[in-house]
Each structure stands twice: as structure tokens, then as C-alpha cells.
Amino acid sequence: MSARPDLIQDLVPASGLTYPSSAARAAQEARLQAAWRIPSGWRYWSAVNNTVVGQWYIVVTLLFFLFGGVLALLLRLQLAVPDNTLVAADRYNQIFTVHGSVMMFLFALPIFEAVSIALLPAILGARELPFPRLSAFGFWAFAIGGVFLCGSLFFDAAPKGGWFMYPPLTSGYQPGIGADIWLLGFSFIEVAAIAAAVELIVGVLRSRPPGMRLHLMPLYAWYVLVAAGMVLFAFPPLIAGTMMLELERALGWPFFDPRGGGDPLLWQHLFWIFGHPEVYVIFLPSVALVAMIVPTAARHRIVGYGWVVLAALGTGFLSFGLWVHHMFTTGLPALTLAIFSAASAAVAVPTTVQFMCFAATMLAGRVVRSVPMLYIAGGIATFAIGGLTGVMVAMAPFNLQAHDSFFVVAHLHTVLIGGAVFPLLAGLYYYFPIVGNAMLSERLGRWGFWLVFTGFNLTFMPMHVLGLLGMPRRVFTYAPGLGWETLNLVATAGAFVLAAGFAVVVWDVVRPKGADARPARNPWGAGTLEWLPTIPNPSWGMRAIPTVRTRYPIWDQPGLVQDYDAGRGYLPDAEEGLREMLVTSTVDAEPQQCLRIPGPTFITLWAAVAVGGMFVFATFGAYRLAAVSTVASLVLILVWLWTGTAVIPEKPRKHVGFGVQLPLYVSGRDSVGWWAMAITMLAVFTAFLSVVFGYVFYWTLDERFIAQAERHDHGLVVAGGALVGLAWALTAAARRWNAADHARAFYAGALAAAVCGGSGVATLLWAIASASVGPDEHVYGATVALLVVWCGLQVGLGVVMLLYCAARRAAGRMTARHDIDIANTTLYWHFTAATMAVTAALVSGGPAMG
Amino acid sequence: VTTSRRPTAASAWRLAVPPAVWLAHFAAVYATAALACGRWRHAGVDVGAVVLGLSVVALAGLAGSVDWRSAPSGTGRAPAAFAEATGTDAFLSVVHLLLAAVSGLGVVFVAASVAVVGVCR
């Protein structure tokens with residue numbers, strides 16, 4: 001098969017081009033500065049530049065990390081001596097629940113998205129990510145949700161069911177709002193996480209520089225692609241689960257209550273289908289940092305690039321087959337335990353391959369010692385121990401002994417701190433010149449590392465032994481004389497050494513730095529594009545977009561830096577004063593579009609506040625205010641879309657440099673918006689399938705579930721489904737009529753589709769209201785009601801989108817050729833029709849499955 | 001300007017096939033176990049035979065997903081195909097082959113566990 005060897009030559013500037021004059025360059029730079037300016041004063045908070053939002057995101061995430069760390073110290077103080085009375089039992093439960101939840105949902109996971117938003121565009125030689133306002137919205141949503149959850153601790157109202165919130169403990173036995181704060185607060189944060197994942201996937205696939213074909217992409221981008229892809233499939237089951245648990249708490253729908261035919265084990269399944277891949281979502285992006293730092297330190301390109309890519313992909317998908325190993329003691333059949341035990345052992349293979357490649361790179365090159373490499377060495381050693389104890393707990397017989405003991409606490413902290421925190425600290429020291437415009441201190445860095453490393457081992461090594469001695473986790477105290485005293489005291493002392501290490505790191509970051517800390521350009525001598533700009537870098541991101549021919553362009557492409565400084569690349573100017581970036585093709589990175597992206601705005605902040613209000617008011621049962629917030633969110637998001645997206649350009653095409661002309665407006669399968677919609681709907685559809693999984697799960701348990709179906713009339717659901725199907729067909733037709741410029745037919749089609757959709761929603765609601773098995777009576781009724789309500793909501797939103805398209809066309813913001821809005825709406829309807837079809841088939845065909 | 005119709009883009013999308021085969025196999029084995037030890041526990045399902053059948057189908061599917069003509073003939077050629085100078089096509093076809101191998105490993109591991117522990121309790 002042809003590898004298109006001509007492609008690269010196509011993209012290399014023709015020889016003989018001269019550099020622009022210095023006056024012309026200064027004028028270009030002034031225009032770029034103006035277009036990409038970061039607002040000052042209070043308007044600073046309206047910035048959407050990825051560098052600024054990334055910085056906020058990282059800072060807030062680290063603040064949550066420190067908060068979670070202080071909570072950990074409280075836990076350790078309480079356990080330092082037997083029969084301690086420092087923290088009462090109920091308060092202790094709240095503290096460990098918030099500690100775990102904060103570390104997982106507000107630190108470990110979002111730090112990946114925060115770092116990627118800050119660094120990914122530079123690593124890809126891009127000016128920005130394709131949806132800067134979406135990043136900002138995600139950040140604000142995350143910050144609001146996180147503060148809400150942490151704040152609950154100060155009002156003695158925090159969740160206290162453990163970070164995995166098992167019912168029935170968190171349903172029947174925990175009145176009050178603690179569990180609701182967890183369920184609704186995290187639903188909100190999960191939305192933010194999925195928003196960031198969409199942004200990052202489209203970023204990796206569509207904003208690479210010309211020539212950076214898939215197999216030349218920096219490993220960081222591969223890892224981001226895998227981790228963000230995993231978020232799309234791992235988070236939706238949790239979203240579905242939290243919806244079900246909240247419905248049980250608020251409305252008494254018995255999803256997890258055996259008295260109504262439910263089963264608490266379903267929660268554990270849904271939680272861990274999320275929870276286990278999540279461990280790898282945390283781990284892989286941190287390994288990505290290692291994959292960037294090691295070649296720089298070793299002065300040698302990565303050994304086994306393809307093997308690392310393969311290992312990242314392999315770990316990514318195999319991690320979806322491990323979830324039951326968290327449930328080995330729940331009485332599942334031995335056969336099931338064996339399957340998951342085997343899969344858990346299999347995932348160790350690709351995980352190890354990555355580290356072998358890093359070791360080979362270090363051996364092949366000559367490693368320059370530095371603080372980042374210290375953390376990487378410490379991280380690999382620690383992670384190896386955690387990985388081995390992981391294989392131990394993957395074995396069902398050992399797991400039965402170690403389950404819910406401190407051994408598991410020791411294991412998970414060793415994996416996550418070794419696999420994620422140490423590499424992140426390496427990344428902090430390595431990338432601080434880019435994000436913080438200064439070098440961190442080598443001396444403080446060494447002190448910090450040795451304190452963190454010693455403290456970590458003092459804290460967690462004894463816990464392995466404590467677990468084997470039988471100390472259970474989540475106990476607020478223990479009796480003397482069990483042989484646990486010394487080890488607990490050592491662990492507590494270690495925790496404070498660890499904390500001292502973090503204090504040194506924090507001091508290194510925040511201390512005033514003199515002029516000597518001003519880094520040289522590319523201070524580590526790296527080979528990848530994020531080190532191309534000057535430090536500090538002007539807000540334009542990239543001066544001009546380079547053409548890439550190798551995996552380490554700074555090392556391999558002579559003249560790259562001079563060309564960059566001279567603005568000899570793509571998009572060296574902002575002639576119209578607008579923010580522009582290059583969109584390239586998925587595999588070969590051929591230039592496809594000059595994408596105009598929106599600038600600063602407060603609307604993302606207001607939209608996040610409104611969406612946050614929806615969840616916060618619902619937590620306190622203030623449903624009227626929650627409804628007001630819902631309407632406000634919808635209005636704000638529509639205003640945001642109306643003013644900021646699918647803007648028709650003043651001309652169809654534009655010169656981007658080197659004689660290349662690119663379109664300014666692209667719709668359909670090549671547009672970034674279409675990709676974002678497709679990816680988002682994939683996540684939504686996965687969440688829906690998680691509810692379907694619930695249906696099938698109940699069905700496999702015994703015959704009583706489906707027996708309920710026989711006294712249920714499903715005619716109305718099928719009728720509603722038929723109306724939705726009609727709406728879908730009309731939407732597709734409306735899109736074609738719009739493209740053919742039959743304005744009247746388009747309006748008729750879109751409005752008819754909206755009417756069919758609306759009647760479909762009414763029919764579905766009627767179906768629920770008249771159901772013979774009520775949702776609060778039996779889990780069959782509850783599951784069917786949830787599936788049908790889901791369809792109703794999705795169709796309702798689709799109707800709003802149709803009306804929006806009609807309004808856009810009427811206002812002249814959408815035309816036959818400029819049809820992004822209706823193209824994306826049609827794509828949305830494809831997924832909606834599939835959702836409805838599955839629901840109707842399951843509900844009407846389920847009873848036949850006997 | 002559309003890449004989606006280019007052969008390379010198609011082979012990039014085909015990378016999803018081996019993991020999907022693994023996932024389908026895994027889900028099918030999990031469902032078989034859940035049913036054989038759940039509501040069909042009195043039906044006398046021969047789990048070993050079902051899983052063996054599923055695994056043969058999955059392995060055949062994995063083998064079928066590999067484009068053997070463009071795949072390297074010997075393992076010694078993998079490093080060459082990972083080099084930067086080779087085209088994206090060669091790179092993708094080796095990654096595809098190796099992904100199929102990892103997926104096959106996952107299938108065999110799971111099937112072997114059923115062979116060893118063939119009981120519900």
C-alpha cells in the first residue's frame with residue numbers, strides 16, 4: 001500500500017523563500033498579540049486561552065489535592081494510637097469519604113485534563129484546542145462542584161458512605177443530604193470530565209501540525225487519546241448509576257432495594273465498570289509524562305515507540321474487563337471470579353511493556369540526572385511494588401483474605417502514588433518553565449523528593465503488614481493489644497514526613513523567584529514542539545505552525561527554531577484580528593481548514609453557575625429553584641451557541657501560508673463540531689446502555705423480574721417510538737432540503753419533525769403515567785420508566801435543537817452551504833433514534849424473552 | 001480534503017476491531033457464566049463447551065481482522081515498521097497485528113480460567 005512519500009514534500013516550504021522583513025514581522029506579531037490578548041483586570045476571569053484555563057485548572061486541582069492531604073493527616077492522627085478520641089466515628093466516616101472522593105474525582109482524574117489543556121496544544125504545535133470555551137466551561141463546572149462537595153464537610157453534612165457509596169448503606173441507612181451531595185455533585189463533575197475528554201480527543205485527532213502523521217505523534221498525545229477515550233466509556237456507567245441511586249433516594253424507585261426486586265450488587269457493577277478503568281485513566285496520562293521526560297533526560301529518542309503505543313491501547317481496553325475483582329467477596333459464582341481474575345492478570349502484560357521501553361531508552365542513552373528523573377525512578381520502583389501487590393489481590397483466594405483490610409489501602413496508594421503522583425511531580429519540575437515561566441530549585445527539589453519518598457514508604461509499607469495482621473479499613477479506632485500499635489504509629493509519623501515533603505514542593509512553587517530562576521529557552525534540551533516557543537511565551541501559543549517530519553523535530557529538523565522565530569510557518573499572522581488555528585486530517589495531518597475560534601467571554605462562567613445551581617438546588621430538595629436554574633442553563637447555553645459557534649465567515653477561503661488556501665467554514669463529517677457531537681453522543685449512548693445493562697442484569701437474576709412485564713402494557717411506548725422515528729426521518733429530510741436550498745421545505749420538515757418529536761415525548765410521558773407497574777412499586781417499572789424518561793429527555797432536547805436550526809436559518813446565520821447546525825442536529829437525531837429503537841425493542845420484546 | 005475515504009484512515013479505524021472482538025468475547029463469556037449460574041442454573045448448560053465455541057469464534061475473528069498481506073512476515077520486521085521513516089500504513093498494520101495478539105492473549109486467558117474453574121461454586 002502506498003505510504004504517500006510525496007506527502008511530506010508537499011508540505012515542506014519551497015526552497016528559495018526568504019524571511020519576511022523585520023518590520024513585516026513586527027506588524028504580524030502585533031496583530032497576533034492583539035488577537036490572542038488575555039483580558040486584564042477583573043475581565044481576566046473571562047479568558048478562555050488554553051494556557052490560562054489550564055493554569056487555573058492545575059492550581060485548583062492541586063488545592064483540592066492539598067485539602068485531601070490534610071484530611072489524610074487527620075485520619076492518620078486518629079489512628080496513631082489505640083482507642084483515640086480525637087475524631088468521633090461519624091466525623092471520621094465523613095473525613096475518609098471526602099478524602100477518597102476528593103483525591104479521585106477532584107485531583108487524580110482532573111489533573112490529567114488540567115495538564116492536557118495546558119500543554120497538549122503546545123505539544124502538538126497548535127495555537128489552541130478547537131473548543132476553548134468548552135474547556136473554560138468544564139473548568140468552572142469542576143471548580144463549583146468541587147467547592148460544593150468539600151464545603152459540606154464544614155457543615156457536618158458530608159457524605160459518609162465511602163468513596164464508592166455502596167447501597168443500602170447510602171440509600172436506606174443514610175438520611176440527610178450527604179449522599180445526595182456526593183451523587184449530584186459528582187454528576188456535575190462527571191459532565192465536566194466528559195466535556196474535557198471530547199475537547200482532548202478532537203484536539204489530538206484534528207489539531208496536529210502538518211506532517212505530524214499518526215505514527216509521528218508524541219507519545220503524550222497517544223496516551224491522552226487512550227485516556228480520554230476511556231473516560232467516554234467509563235464515566236457513563238457511573239452517571240447512570242448515580243441517577244439510579246438518586247432516584248431511589250429521592251423518589252423510592254427500588255433499583256438497589258431487594259424489597260422492590262432490585263439488587264444492591266448492580267450498583268457495585270456500575271460503579272466498578274467505571275472505577276477500574278478510572279484507575280488507568282489516572283495512571284496512563286501520568287505515564288505519558290514519563291514518556292516525554294525520559295527521552296529528554298536520556299538524550300535518546302524513545303525505544304520501542306510502537307510497543308508503547310500498543311501497550312497504551314492494550315492497557316486501555318483490557319482494563320474494562322477487570323471490574324469484578326473489586327467484588328470477589330460478594331458471593332458471585334466461582335466461574336465469574338475466575339474470568340475476572342484471569343483478565344486482571346492479563347493486563348499486567350501491556351502495563352509492563354511500557355516500563356520496559358522506558359528502561360531500554362535509559363539504557364540506550366546517557367541519562368542526565370535531574371529532579372524529574374529522581375521522581376521517575378522513585379515512581380517506577382514504587383509502582384512496581386504496587387503492580388505486584390495488584391497481581392496478588394487479583395488472585396481470588398488471596399483477595400478473600402485481604403479484602404477490606406489495610407492491605408488494600410496500602411496497595412491502592414502504592415499504585416496511585418507510584419504510578420500517578422510521582423510522575424506528576426516529575427512533570428511539575430519538568431514543565432514548570434512552560435507553565436510557570438521559571439525553573440524550580442534543584443536543591444529544594446532533591447529535599448522534597450527524599451522527604452516525599454521516605455515519608456511515602458514509612459506510611460504505606462507498614463499498612464501492608466497491618467492488613468495481613470487483620471486490621472480492617474474504615475475503622476475509626478482499634479483496641480490495644482492486637483499488635484497494631486507500633487505499625488500505626490510509624491505510619492502516622494511517615495504521613496507527616498510525606499506532608500513535609502509536599503510542603504517543600506509547594507514552597508518551591510510559590511516562593512518568590514529571582515532573576516536566576518528565569519529559564520533559558522528549551523532548558524532541558526528536549527526534542528518536542530512544546531519547547532519551541534520562547535519562555536515566557538506570548539499569549540498567541542505558537543508564533544507560526546511548523547511542519548513536522550520526525551518524532552523529535554527540534555533535534556532532527558535543522559533551522560526549525562529560526563524558521564519559527566521568523567514566523568515562517570502556517571498562519572503567521574492574524575490579518576482579520578481573529579483567533580485562528582489549523583485543522584488537519586485525522587491520520588495524515590494534511591491541512592483541511594483554518595478554524596476561527598472564539599475569544600474571551602463570561603458566558604461560560606454563567607452557564608457553569610446555572611448548571612451548578614441545577615444540581616445544588618436539587619440536592620437541598622429546592623426543586624422549584626432547580627427548575628429555574630435548568631431553564632437558565634438552557635437559555636445561557638443557547639445564547640453561547642448562537643453568538644459564538646458556526647459563524648459564517650466574510651470570505652470562503654483564506655491563505656494560510658506557503659501558497660495554501662483553506663476553507664474557513666467546514667460542516668459535516670470533516671468539521672470539528674461534528675466530531676465533538678459524535679463523541680459526546682457516544683458517551684451519552686454508553687450511559688443509556690448502562691441502564692440497558694441494568695435491565696439485562698435483573699433479567700439474568702431470576703424469573704420474577706420479567707414476570708412483571710406480563711402485566712404491563714407497552715403499546716404507548718411503541719406508539720411514542722413510532723412518532724420519534726418519524727421525527728428522525730423528517731430531520732434527515734430537512735437537512736437535505738436545507739442543503740438543496742429549498743427553504744420552505746426545510747422549515748416545514750424541521751417544524752414537522754419538532755411536532756412529531758413533541759408528540760412523541762407526550763406519548764412517552766403518558767406511557768409512564770399510565771403504567772400498570774409503577775416505578776416505585778417494582779424495579780421492572782422503575783427500569784422501564786427510566787429508559788422511557790431518558791428517551792423523552794433526549795427527544796425533548798432534539799426538538800429544541802430543531803427549533804434552534806429553524807431560527808438560525810430565519811436569522812440568516814445558517815444557509816444551504818453553511819449548515820453546521822442542522823448537520824450536527826441530524827447526527828444527534830441518529831443517536832436519539834437508536835436510543836428510542838433500543839428502548840422500544842427492549843420494552844415490547846422483553847416479555848417474549850421469558 | 002476528506003480523509004475519511006482514504007485507505008489509511010480506514011485502517012486507523014480498523015484498529016478498533018481487535019479490542020471490540022475481545023470485548024464481545026469477554027461480555028459473552030461473562031453473560032454465559034451469569035446465566036449458567038443464575039436463572040439457567042437448573043438447565044444443565046455445558047459452560048466449557050459454550051466458552052470453547054465462543055473462543056474459537058473470537059480467535060478466528062481476530063485472525064480474520066488482520067490484513068496478512070501487508071502484515072510483516074516475521075517478528076524481526078516489527079521494529080522496522082515502527083521506525084519513523086516507514087509510512088503510516090506499515091505502522092498501523094503492525095500495531096493492528098500486535099493488538100490482535102494482545103486481544104488473543106486476553107481471550108485465551110479468560111477461556112483458560114473457565115477450563116480450570118468450571119463450576120459455579
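So that the names make sense, note that chain A is the first sequence line, chain B the second, and so on, each numbered from 1. Note that the coordinates shown come from a computational prediction; the quantities given were computed from them, not determined experimentally.
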Task: Minimum heavy-atom distance A/Gly306-B/Phe91, with the two atoms named - done: CA-CE1, 4.0 Å
Task: Contacts of B/Cys37 that satisfy disulfide bond (SG atoms under 2.5 Å apart) - sequence neighbours left out - done: B/Cys120
Task: Atom group of A/Phe693 that falls short of 4.5 Å from chain B, counting heavy atoms - done: side chain
Task: Note, A/Phe317 side chain near B/Ser103 side chain (heavy atom, < 4.5 Å) - done: yes
Task: Residue among A/Thr550, A/Leu318, A/Leu214, A/Thr336 with most heavy-atom pairs under 4.5 Å to chain B - done: A/Leu318
Task: Residue pair B/Arg39 / A/Glu703: nearest heavy atoms and the distance that separates them - done: O-OE2, 3.7 Å
Task: Within residues 26-35 of chain B, residues adjacent to chain A where the heavy-atom gap is under 4.5 Å - done: B/Phe26, B/Val29, B/Tyr30, B/Ala33, B/Leu35
TODO: Select, from A/Ala311, A/Gly314, A/Pro333, the one with the greatest count of heavy-atom pairs under 4.5 Å involving chain B.
DONE: A/Pro333
Task: Side chain, backbone, both or neither of A/Leu337 within contact of chain B (heavy atoms, under 4.5 Å) - done: neither
Task: B/Arg41 atom CZ, over 12 foreign heavy atoms within 6.0 Å - done: yes
Task: B/Val95 vs A/Leu313 side-chain heavy atoms within contact, under 4.5 Å - done: yes
- [ ] Sequence neighbours left out, what passes side chain to side chain donor-acceptor pair (under 3.5 Å) with A/Gln593? Give chain and number order.
- [x] none
Open item on the list: Counting only non-hydrogen atoms closer than 4.5 Å, can you tell me which residues of residues 44-51 of chain B sit against chain A?
Closed with: B/Val47
TODO: Could you check if a side-chain atom of A/Val349 sits within less than 4.5 angstrom of a side-chain atom of B/Val102, using non-hydrogen atoms only?
DONE: no
Open item on the list: Tell me the closest heavy-atom pair linking B/Trp22 and A/Gly321, and the distance in Å.
Closed with: CH2-N, 3.6 Å
